[in-house]
Protein chains: 2
Amino acid sequence: MSSSGNKKPVFNEAALADQLRSVGLRPTQQRMALADLLFGRGNRHITAEALYSDALATGVNVSLATVYNALHTFTAKGLLREITIDSTRSYFDTNIDEHHHFYFEKSGRLEDIDRAHVKLTRLPEAPDGLSVSRIDVVIRVDG
Amino acid sequence: MSSSGNKKPVFNEAALADQLRSVGLRPTQQRMALADLLFGRGNRHITAEALYSDALATGVNVSLATVYNALHTFTAKGLLREITIDSTRSYFDTNIDEHHHFYFEKSGRLEDIDRAHVKLTRLPEAPDGLSVSRIDVVIRVDG
DNA sequence: AAGCAGATTAGAATTATTCTAATGTTATTG
DNA sequence: CAATAACATTAGAATAATTCTAATCTGCTT
């Protein structure tokens with residue numbers, strides 16, 4: 001499957017494998033295939049189900065449970081960022097730089113907004129000496 | 001149940017009923033009781049399950065389905081605002097003024113941030129002449 | 001008071017996700 | 001380069017949150 005599959009990886013295999021190893025993950029067949037789908041074709045905002053469909057469509061042999069495992073593991077290792085829009089829509093964003101989002105309510109699509117375009121001022125202190133782990137800004141538009 | 005129940009409403013019944021009627025909703029027993037729990041004791045960030053427990057605890061006879069119905073109806077009528085933090089945590093906020101939130105990751109609690117404390121500048125245009133229906137800012141703190 | 005639209009209900013159904021425990025794969029070690 | 005241990009994958013069951021269904025009930029209008 002790896003060298004003669006019907007969809008060759010967009011990224012160099014060795015580089016992908018190294019990226020996984022560098023965060024302490026074994027470059028298994030499934031992770032390699034999913035990582036290629038995720039990172040090999042520009043930034044994506046993708047749901048678990050959609051990635052699973054993508055994988056099946058490209059002939060990758062993987063179970064839905066593994067897709068969830070991989071997405072959560074990648075997120076925990078900082079390779080992805082999870083964006084929850086509502087209780088039935090959770091996206092994994094391959095752009096891990098600090099940035100924000102437009103959310104198109106009709107299509108359910110997300111679009112990145114560069115951090116330079118949103119400035120937060122007079123931000124209150126995190127109470128009690130706690131530290132801020134993340135700031136999410138979602139701009140919902142009605143289209 | 002309404003006038004001699006073991007928990008009297010904090011709000012004046014007639015005023016609550018008028019509030020419901022003014023948005024086109026019948027002031028039924030269940031809605032009145034839920035509205036009182038929601039609006040009769042200061043701003044709240046509450047989940048459907050928690051409101052259901054509250055209702056049972058105060059002797060209100062209501063089903064979980066009705067709690068969901070009421071929360072969604074109230075939200076659609078603009079009496080509540082729904083805040084989704086992650087796929088398993090959806091809160092209904094009785095504060096419908098424009099404002100933002102701290103989210104305490106350990107406790108799962110939300111806390112309001114007044115709009116005056118967050119300033120968004122250089123906000124990009126909504127694409128295509130679409131209009132912005134809402135902006136959510138969530139600041140996650142690790143405590 | 002009657003009738004109807006709207007509301008409520010219990011329980012089944014659905015959806016997204018996680019768990020379980022058996023099997024398979026990768027990396028290491030000698 | 002075989003044995004092994006640790007990690008990963010899998011199918012299917014289980015769970016959790018929410019929604020649906022269809023029967024019953026209640027508030028409002030006449």
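First the proteins, then the strands, lettered A, B, ... as listed; each starts at 1. Side chains are part of it too, since the values below use all heavy atoms of this structure and drop only hydrogens, waters and symmetry mates.
For the pair B:Leu25 and B:Arg31, the tightest heavy-atom approach, listed with the atom from each and the gap, is CB-NH1, 3.8 Å. A:Ala50 and A:Ile46 make their closest contact through CB-CG1, 3.6 Å (heavy atoms, listed as atom of the first residue, atom of the second, distance). Nearest heavy-atom pair across A:Thr84 and B:Ser87 is CG2-N, 3.7 Å.
Apart from B:Ile96 itself, the hydrophobic cluster it occupies contains nothing, where clustering links Ile, Leu, Val, Met, Phe, Trp and Tyr at side-chain heavy-atom distances under 4.5 Å.
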Base versus backbone protein contacts along nucleotides 24-30 of chain C [heavy-atom cut-off under 4.0 Å; B, S, -]: -BBS---

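When each of A:Asp93, A:Thr94, A:Asp54 is checked for a side-chain hydrogen bond (donor to acceptor under 3.5 Å, both in side chains) with A:Arg44, only A:Asp54 meets the rule.
Here C:dT9 presents its C1' atom at 10 Å from CG of B:Asn61, a figure rounded to the nearest Å. As a whole-Å value, the separation of B:Lys77 NZ from C:dA7 C1' is 14 Å. Between the CD1 atom of A:Ile85 and the C1' atom of C:dA16 there is a distance of 16 Å, rounded to whole Å. The separation between A:Glu49 atom CD and C:dT14 atom C1' is 13 Å, rounded to whole Å. Between B:Tyr68 atom OH and C:dA13 atom P there is a gap of 19 Å when expressed in whole angstrom units. One can place CG of A:Leu64 at 14 Å from P of C:dT15, the figure rounded to the nearest angstrom.
Applying the ring pair (Phe, Tyr, Trp, His ring centres under 6.0 Å) rule to pairs touching residues 51-85 of chain A yields A:His72-A:Phe92, sequence neighbours excluded.
Side-chain nitrogen and oxygen atoms of A:Thr88 include none within less than 4.0 Å of the OP1 or OP2 phosphate oxygen of C:dT15. Phosphate contact (OP1/OP2 of C:dT18, side-chain N/O of A:His72, threshold under 4.0 Å): present.
Between chain A and DNA chain D, the heavy-atom contact criterion of under 4.0 Å yields a 5' to 3' nucleotide range of D:dA6 to D:dA11.
When the side chains of ILVMFWY residues are joined at heavy-atom separations under 4.5 Å, either directly or via intervening members, B:Tyr103 and B:Ile139 end up in two distinct hydrophobic clusters.
Not counting sequence neighbours, the partners of B:Arg109 by the side-chain contact (heavy atoms from CB on, under 4.5 Å) test are B:Phe104, B:Ser107, B:Glu111. Scored by the ring pair (Phe, Tyr, Trp, His ring centres under 6.0 Å) test, A:His101 finds A:His45, A:His99 as partners (sequence neighbours excluded).
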